[in-house]
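The next block holds one structure in the form of structure tokens; read it before the comments.
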Protein chains: 2
Amino acid sequence: MDAQPPSSDTSPWMPFESRRRARDEKREAVLRTAVALFLEQGYHRATLNEVAERLNITKPALYNYFRGKEEILFECWSLGQEQVDGFIAAINAGGGTGLAKLRKLIRAYAEVLATDFGASLVRFDPRDLTETNSRTVRAAKRSIDHTFRNYIADGIADGSIKPCDPKLSAFAIAGSLNWIGHWFQRDGPLSAEVIAENFAVQLTEGLAAKRTRKKKAR
Amino acid sequence: MDAQPPSSDTSPWMPFESRRRARDEKREAVLRTAVALFLEQGYHRATLNEVAERLNITKPALYNYFRGKEEILFECWSLGQEQVDGFIAAINAGGGTGLAKLRKLIRAYAEVLATDFGASLVRFDPRDLTETNSRTVRAAKRSIDHTFRNYIADGIADGSIKPCDPKLSAFAIAGSLNWIGHWFQRDGPLSAEVIAENFAVQLTEGLAAKRTRKKKAR
DNA sequence: CTCGTATATTACCCATCGGTAATAAGAAGT
DNA sequence: ACTTCTTATTACCGATGGGTAATATACGAG
């Protein structure tokens, strides 16, 4: 499409680079198509033939980019996980009370779960993965869980969250959020931002140590 | 096993009855084995051969009790749904504020989701069912959702719950609960009762209009 | 004992689908 | 133009697993 013929003053590596980029773009296109189809039909019902068909290619062409169906599944999951890792790092880097960090986490996680790759974090079954990849997924899930628990524990320590069982509270909050991946639809009446904001408030209202000063007493 | 030879003063229908009961017991045994296996391995990975093997029979024997794999899946789901329908009817029959009914619902729903048939309500994929059965499932899910929303709306109307969006609040609460079906394990450190009680409190604390008088100030 | 019904088994069919081999087509480099 | 590397296609394989047909066995009834 926008691949321009190598001008005279361009590095001789341009074509290589351009080809590599084109390849990466195609790889990504496969993943976008695959994740959408996997979510639509479920991993087992979705066939590689149909993934290929939607891309106007044939099944064996996919094997130029991936080792097989399982690798595609895992890479979809990875793209979602990258997003989560990203914002968790950002929140950790920033400051704030445990409660503030928890709310940031809820908002960011909710918005990721409203995307296709985000939903794949909770809609895909680790048992469809190889043992190695499955271990990676389980470790990541544990890590997210611990992040929730840590922020809650931080909040209890700094007084922003009233004493509670961090484990159970984390389960309750993460459950609410994870479920978004199952019901959210982009073309629905609720935007991801509205949901994220609402959940950030509702899910922490019961935990906050001091009542958030009512914005509008009623 | 305990089928006793028909004594002289027994109704001539006894054998029939006894046989029918034996049959029902076997049917149920199939469902218990199947639901456990489906949850363990996932519907698609679980084979009827393995279900049969666990029952010390062979696959075709299953077809004496069910039309096929899909019917087994649907019946497992139905048994879970029956429980839900049961306690919802009970709560509706009883009285109480919207908040009180909501808490009863949370407790009961949490405990059902901690059972195998209960978990099947949220772990099985309706897309694996025939169109007819799938419609039944979707209708039941809508009904549960509406029950949550109605109790919340009732609570707002009677003043026990402070104004909020019943739709979003219902999603948040139901999400927390549904997730139980994904992580709860019977042999884990948390009992279903503890989880149910904790969730009933935590998930409604943010909604309650008046602070629940602290049982034990600490 | 014999018949009929319910229930189980063995052996088999076949549709589906992930994956592979052989090969053709297209663009960059010489 | 000729070669080479990449990328795509057509045609096929083979395992898996749901479902069926034919048949054997257990058991209550007459």
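Computed from heavy atoms alone, side chains included, the values below leave out hydrogens, waters and symmetry copies. Quick caveat: nothing in here was measured; it's all calculated off a predicted structure. First the proteins, then the strands, lettered A, B, ... as listed; each starts at 1.
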Review point. Which residue pairs satisfy the salt bridge (charged side-chain N to carboxylate O under 4.0 Å, His left out) criterion with at least one member in residues 75-93 of chain B, sequence neighbours excluded?
Key: B:Arg27-B:Glu75
Point to revise | Of the listed nucleotides C:dG18, D:dA8, C:dT7, the one nearest the side chain of A:Tyr65 | key: D:dA8
Exercise for review: Can you tell me which residue pairs pass the salt bridge (charged side-chain N to carboxylate O under 4.0 Å, His left out) test with a partner in residues 176-201 of chain A, sequence neighbours excluded?
Suggested key: A:Arg107-A:Glu197, A:Asp116-A:Arg186
Review point. What is the distance, rounded to the nearest whole Å, between atom CD of B:Glu53 and atom P of D:dT16?
Key: 14 Å
**Study point:** Separation of C:dG18 C1' from A:Phe38 CZ (nearest whole Å)
**Key:** 12 Å
Check your understanding: Residues two or more places apart in sequence or in another chain: which of them pass ring pair (Phe, Tyr, Trp, His ring centres under 6.0 Å) with A:Tyr65?
Key -> none
Review point. Using a distance-only test with no angle check, is there a side-chain donor-acceptor pair under 3.5 angstrom linking A:Thr204 and A:Arg103?
Key: yes
Exercise for review: Rounded to the nearest angstrom, tell me the gap between atom NE2 in B:His44 and atom C1' in C:dC17.
Suggested key: 13 Å
Revision key, fill the gap. Taking for A:Arg67 and for A:Thr47 the nucleotide of DNA chain C with the nearest heavy atom, the one nearer the 5' end belongs to A:Thr47
Practice item. Starting at atom CG of A:Leu48, determine the distance to atom C1' of C:dT16, rounded to an integer number of angstrom. Key: 13 Å
Check your understanding: Which whole-number value in Å describes the distance from B:Arg45 CZ to C:dT16 P?
Key -> 21 Å
Could you run down the sub-3.5 Å N/O contacts of the protein with nucleotides 9-11 of chain C?
| residue | atom | partner | partner atom | Å |
| --- | --- | --- | --- | --- |
| C:dT9 | OP2 | B:Thr58 | N | 2.7 |
| C:dT9 | OP2 | B:Thr58 | OG1 | 2.5 |
| C:dT9 | O5' | B:Thr58 | OG1 | 3.4 |

Exercise for review: Measure the distance from CD1 on B:Ile72 to P on D:dG17 and round it to the nearest whole Å.
Suggested key: 15 Å
Review point. Which residue pairs pass the side chain to side chain donor-acceptor pair (under 3.5 Å) test when at least one of the two sits in residues 167-185 of chain A, sequence neighbours left out?
Key: A:Tyr109-A:Asn178, A:Ser169-B:Gln202, A:Ser176-B:Ser176
Exercise for review: Could you tell me whether the phosphate oxygens of C:dA8, OP1 or OP2, come under 4.0 Å of any side-chain nitrogen or oxygen in B:Tyr63?
Suggested key: no
Review point. Atom CG of B:Asn49 to atom P of C:dC12: distance rounded to whole Å?
Key: 16 Å
Review point. Below 4.0 angstrom from OP1 or OP2 of C:dT7, is there any side-chain N or O of B:Arg23?
Key: yes
Practice item. Would you kindly say whether B:His44 and B:Asp128 are connected by a side-chain donor-acceptor distance under 3.5 Å? Key: yes
Point to revise | ring pair (Phe, Tyr, Trp, His ring centres under 6.0 Å) partners for A:Phe199, two or more places apart | key: none
Check your understanding: Just checking A:Phe66: base, sugar-phosphate only, or nothing, at a heavy-atom cut-off of under 4.0 Å?
Key -> nothing
Exercise for review: Tell me what A:Ala52 touches on the nucleic acid: a base, only sugar-phosphate, or nothing, going by heavy atoms under 4.0 Å.
Suggested key: nothing
Point to revise | Separation of atom CG in A:Leu55 from atom P in D:dT7, rounded to whole Å | key: 15 Å
